[in-house]
Amino acid sequence: MATATGPQRQAAERQAMNSGIQGLAADIFKSALVRLDRTLRSEQLQARLILQVHDEVLVEAPPQEKTAVEAVMRDALTNAAHLSVPLEVTLHWGENWAAAKG
Amino acid sequence: MADDPDQRPLVLLDGMSLAFRAFFALPTDIATSEGLVTNALHGFAAMLISLVRSQNPRALVTAFDLSGGTFRDAMTEDYKGGRAETPPEIGHQFDLIRGLCEVLHIPVLGVTGFEADDVLATLATWGRDEKMPVVVVTGDRDAFQLVEDPYVKVLYNRRGVSDYSLYDESGIFERCGIEASRYPLLAALRGDTSDNLPGVPGVGEKTAAKLFATYHDMDDLFAHLGDLTPKLRENLATYEQRARNNEQVMLLVRDVPLEFTLDTVTLGGWDRGEVDAFFDRFEMNQMRTRFAQLMKEGLLGTGAGAASPSKVPATTPKAPAKMATVVASPASVLSSASPVIAYRNDRAAVLDGATNTVALVDLDVLIEALATVAPCGHDLKELYRIGAERDRVMKEPADDTAIMAFLLDANSGRYELGDVAHRFLDEPIVTSAPSLFDSTSSDDTLLYEVALIARLREHLRAEIATWELGHVYEQIELPLVMVLGLMEARGIAVDATLLRTIAKEFTEEVASLDREIQKVAGHDFKVNSPQQLQVVLFDEMGLKAVKKIKSGYSTDASSLEAIQDEHVIIPLILRYREVEKLRGTYGAPLIDAVKPDGRIHATFHQMVARTGRLSSDGPNLHNIPVRSQEGRRLRYAFRPSEGWELAVSDYNQIELRILAHLSQDSGLLSAFASGEDVHRTIAGSVFGVPSDEITPEQREQAKAVSYGLAYGMEAYGLSQRLGVPVSFAKEVMDKYFTGFPSLRSYMD
């Protein structure tokens with residue numbers, strides 16, 4: 001009936017996993033999504049976050065917002081975490097997912 | 001569930017039947033250090049806790065059979081004779097269970113000559129006459145006859161300690177096909193193996209229910225035997241006496257003489273010291289803690305004695321003691337700082353923890369209120385999706401108990417409210433229908449759930465703090481709940497025409513490959529049948545099989561890849577399977593996923609992957625091939641809204657940068673700081689040449705090692721990836737580690 005160690009062990013594992021490469025990468029992505037969506041909303045842009053798959057983030061925007069949206073996206077992604085090395089992003093526009101993938 | 005004490009049920013326990021269920025549910029190696037088996041005691045105690053928490057009883061009463069015969073012995077030849085020998089490890093535990101009830105001041109009744117069932121029937125009848133809600137808890141179906149709306153329900157233990165169904169009249173009818181009050185009729189024809197009462201041969205529960213849907217009682221049935229099929233008629237005629245006798249045996253006695261009244265029975269009156277001593281004596285520390293908590297919360301009434309010097313760990317969950325008061329006007333509750341909410345369909349319960357008041361409102365009203373207040377709930381993503389679908393703007397969540405549970409226990413994989421409450425609060429699991437809540441109103445369910453979420457919130461918040469998960473919870477996972485809900489509602493526009501064209505191409509290519517493969521084989525066969533494929537490849541064509549399996553030789557992907565240069569048919573088969581898989585995953589299913597708004601609304605999962613990565617389904621967009629031609633073709637169909645444009649952004653070398661950060665290797669850090677082609681810079685260090693003299697091959701090798709390290713790849717994996725011997729891969733890795741010494745100590 002010794003279940004007390006279960007959740008404790010799992011929480012410890014979660015901490016360990018969180019500090020690993022994949023866990024940190026996942027946290028950076030999620031943090032980026034939160035920052036990005038918040039900023040698009042608070043700046044009252046029509047543009048919206050619509051998809052996150054693997055390492056990619058997809059935003060759709062009306063043409064007049066492109067410059068503003070690009071700045072928001074770059075800022076949200078590169079400042080999602082502060083590491084000892086800078087985070088760099090690639091960003092492309094297109095009329096579909098394949099074209100914008102570059 | 002209101003605070004009015006008259007609404008709380010009198011809970012009647014069938015001690016013997018529950019003791020047996022507990023005994024068979026738990027292993028007999030649950031014992032004291034002296035070897036006294038206590039599994040049934042443990043199980044019974046656990047049942048008590050869940051009953052008290054789920055039923056909030058006004059009082060509990062337990063009935064036990066006494067030794068010696070009952071009036072029923074005289075009525076049948078071998079009543080209960082067929083019961084398996086009572087296991088030796090259970091007998092003494094009946095006394096332990098009685099002892100537990102006694103220290104908790106739960107009355108234990110037993111009357112010579114009657115069964116516990118009869119005692120329960122008598123008490124239930126008294127309760128009904130007093131217009132008092134009664135719940136009879138038992139693993140014995142005989143009690144079904146006691147169910148009577150609106151007062152008497154049966155909480156039937158189906159098996160184990162936590163699998164219950166709560167039945168009211170409609171519940172019994174649904175289960176048995178007969179009214180509760182006429183249940184003995186059905187049982188009499190069917191018989192009851194647990195009581196060693198044979199029924200009428202050829203008549204099961206369904207037939208019996210059908211018969212008594214037509215005929216009122218035994219007399220009516222036997223008066224109309226002529227209307228029945230010959231076989232049925234013959235069996236019934238032969239066993240008429242048995243059926244009539246069974247009915248009498250199964251009818252519970254509702255007027256057992258009892259020296260007991262319901263007026264005085266309440267919870268409480270225990271002595272805390274005695275309760276603690278009882279659990280100490282049987283070395284049941286956890287139960288001691290859990291009962292201490294029940295007493296503290298007032299769920300067992302009041303009693304004497306403060307906590308004895310505590311063995312109780314400091315982590316005992318702190319939960320609010322009382323059910324909240326339901327208020328008619330929701331305004332104050334809806335505007336409270338961060339209300340706890342639960343909802344189902346279009347109805348919601350909203351709890352203000354500060355005043356302990358709760359309101360029941362339409363979901364729309366709740367969603368509107370969330371424009372200004374931040375909710376606490378369980379798995380709120382769907383609510384944000386619904387809100388967005390209704391064009392409502394809502395505040396970010398204040399707490400999500402499902403997300404907290406996931407962070408604390410990423411392995412369990414189950415985060416439904418019932419599972420989480422069971423895991424963290426020891427609540428009974430309510431999973432399978434018909435469930436505890438089937439026959440209570442949905443409002444009652446919501447009130448129960450909202451109270452549960454409030455307790456979970458407090459408990460899990462403390463755990464999150466203890467494990468220092470506050471940052472990842474508050475900054476990342478919690479606000480992400482809303483973002484994912486919004487993303488689901490938004491969806492992504494697709495070109496359905498293009499998707500249909502692609503699906504058609506997949507289908508055509510599969511058909512053409514199919515034809516070609518059969519042509520090469522020289523005869524017709526089913527390419528997607530592993531058995532037939534084995535025969536063609538290994539028997540007829542004489543190709544060399546690489547892996548033996550139970551049913552011959554393997555034709556799985558790795559086995560075929562190993563021989564793909566041996567014969568032209570192998571690459572054709574591999575391609576056939578690849579396209580067939582694409583067709584099955586992204587042909588028709590992707591088209592079916594397009595909603596009337598012309599968009600695909602995938603569902604995103606935050607609580608699935610242990611690595612913390614997001615996943616999606618309906619459709620799973622994460623499985624669209626990243627590199628292949630087909631993957632690219634599919635992505636052409638995903639578009640921005642009409643007249644808009646699509647931005648796609650991703651990180652450059654994110655794993656490698658994280659590796660540099662975590663290892664703090666000075667060489668790696670400066671490779672990134674230089675701002676030049678990082679793979680070239682790394683290759684320069686690895687191979688000890690100026691970076692402008694690095695060959696494309698060397699750059700590729702260094703790059704492969706970099707990514708291999710980020711994913712935990714070893715020399716073998718690297719050799720496969722680069723198509724080089726393992727020894728060479730090992731050499732490159734060694735050079736890599738020599739170039740970046742801090743990396744090695746980090747990886748170790």
Side-chain angles (χ1 to χ4, degrees), chain A residues 1 3 6-7 10-15 17-19 21-31 33-34 37-38 48-63 66 69-70 73-74 77 83-102, chain B residues 30 42 286 407-411 423-424 463 467-469 472 475-477 479-480 483 486-487 490-492 495 610-614 616 621-622 624 626 632-633 635-641 643-655 657-662 664 669 672-673 710:
Chain A
M1 295 240 135
T3 55
Q10 282 143 3
E13 273 177 13
R14 160 75 205 189
Q15 285 174 323
M17 155 193 123
N18 212 41
S19 57
I21 297 166
Q22 296 306 318
L24 189 48
D27 280 350
I28 290 173
F29 263 102
K30 292 193 275 197
S31 172
L33 291 185
V34 169
D37 201 59
R38 269 184 186 157
R48 5 182 247 175
L49 169 64
I50 52 174
L51 207 58
Q52 196 263 307
V53 172
H54 297 303
D55 290 354
E56 296 174 348
V57 176
L58 276 66
V59 171
E60 62 175 9
K66 276 174 71 175
V69 167
E70 183 162 339
M73 286 179 78
R74 287 187 183 278
L77 269 71
L83 306 183
S84 306
V85 296
L87 288 172
E88 272 183 19
V89 299
T90 306
L91 190 152
H92 293 288
W93 291 90
E95 58 182 22
N96 59 57
W97 189 1
K101 212 174 153 64
Chain B
I30 297 175
H42 268 276
Q286 291 220 350
L407 286 175
L408 289 164
D409 178 7
N411 287 319
R423 208 170 319 136
F424 290 95
E463 294 267 309
W467 294 102
E468 295 177 355
L469 293 165
V472 69
Q475 303 299 315
I476 300 176
E477 302 287 350
L480 186 65
V483 175
L486 296 179
M487 272 169 51
R490 292 165 188 157
I492 182 164
D495 181 341
R610 281 202 50 213
T611 56
R613 290 250 165 176
L614 294 175
S616 62
L621 300 172
H622 286 75
I624 297 178
V626 176
R632 186 171 168 79
R633 187 126 170 76
R635 276 189 287 271
Y636 271 102
F638 289 79
R639 327 203 126 165
S641 296
W644 287 25
E645 286 187 51
L646 194 62
V648 177
S649 185
D650 65 3
Y651 285 105
N652 301 335
Q653 310 106 12
I654 188 159
E655 281 93 356
R657 285 168 196 264
I658 290 172
L659 191 57
H661 172 77
L662 293 175
Q664 288 293 308
L669 291 175
F672 281 112

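Here is how names work: the chains are called A, B, and so on, in the same order as the sequence lines, proteins then strands, and each is numbered from 1.
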Take A/Trp97 and B/Leu646 through the side-chain contact (heavy atoms from CB on, under 4.5 Å) test and state the conclusion after the steps.
-> CA-CA 7 Å; A/Trp97 189 1; B/Leu646 194 62; 4.1 Å; yes
Using modelled atom types only, decide if a donor and an acceptor are shared between the side chain of B/Tyr651 and the backbone of A/Ala25 within a distance under 3.5 Å.
-> no
Taking the side chain as every heavy atom from C-beta outward, state whether A/Glu95 and B/Arg639 have any atom pair closer than 4.5 Å.
-> no
Most heavy-atom pairs under 4.5 angstrom with chain A, which of B/Leu669, B/Ile654, B/Ile658, B/Ile492?
-> B/Ile658
Heavy-atom distance under 4.5 Å to chain B: side chain of A/Glu70, backbone, both or neither?
-> neither
How far does CD1 of A/Ile50 sit from CG of B/Leu486, to the nearest 0.5 angstrom?
-> 13.0 Å
Okay, side chain of B/Ser649, backbone of A/Thr90: is any donor-acceptor separation there less than 3.5 Å?
-> yes
Report yes if the side chains of A/Pro86 and B/Arg657 come closer than 4.5 Å at any heavy-atom pair, otherwise no.
-> yes
Show the numbers, then the answer: is there a side-chain hydrogen bond (donor to acceptor under 3.5 Å, both in side chains) between B/Gln664 and A/Ser84?
-> CA-CA 8 Å; B/Gln664 288 293 308; A/Ser84 306; 2.6 Å; yes
Non-hydrogen atoms of chain B under 4.5 Å away: do they reach the side chain of A/Arg74, the backbone, both or neither?
-> neither
Less than 4.5 Å apart, any side-chain heavy atom of B/Asp650 and any of A/Val57?
-> no
B/Ser641 side chain reached by A/Arg48 side chain, heavy atoms, under 4.5 Å = yes
B/Leu621 versus chain A, the contacting section by heavy-atom distance below 4.5 Å | both
For A/Asp55 and B/Glu655, the nearest pair of non-hydrogen atoms, with its separation, is OD2-OE2, 4.5 Å
With sequence neighbours left out, what residues match B/Phe672 under ring pair (Phe, Tyr, Trp, His ring centres under 6.0 Å)?
-> none
SB check B/Arg613 A/Asp27 (cutoff 4.0 Å) | no
Do A/Ser31 and B/Gln475 have side-chain N/O donor and acceptor atoms under 3.5 Å apart?
-> no
Side chains of A/Leu33 and B/Leu614: closer than 4.5 Å at any heavy-atom pair?
-> yes
Should B/Leu662 and A/Leu24 count as side-chain neighbours, where that means a heavy-atom distance under 4.5 Å?
-> yes
Please name the pair of heavy atoms, one in A/Pro63 and one in B/Trp644, separated by the smallest distance, quoted to 0.1 Å.
-> CD-CA, 4.4 Å
Side chain / backbone / both / neither for A/Glu88 at chain B, heavy atoms under 4.5 Å = both
Where does B/Ala673 contact chain A at under 4.5 Å (heavy atoms): side chain, backbone, both or neither?
-> neither
Mind checking what makes ring pair (Phe, Tyr, Trp, His ring centres under 6.0 Å) contact with B/His622, not counting sequence neighbours?
-> A/His54
Do the non-hydrogen side-chain atoms of A/Leu49 and B/Arg490 ever get within less than 4.5 Å of each other?
-> yes
Any donor and acceptor pair, going by atom type alone, linking the side chain of B/Arg635 with main-chain N or O of A/Asn96 inside 3.5 Å?
-> no
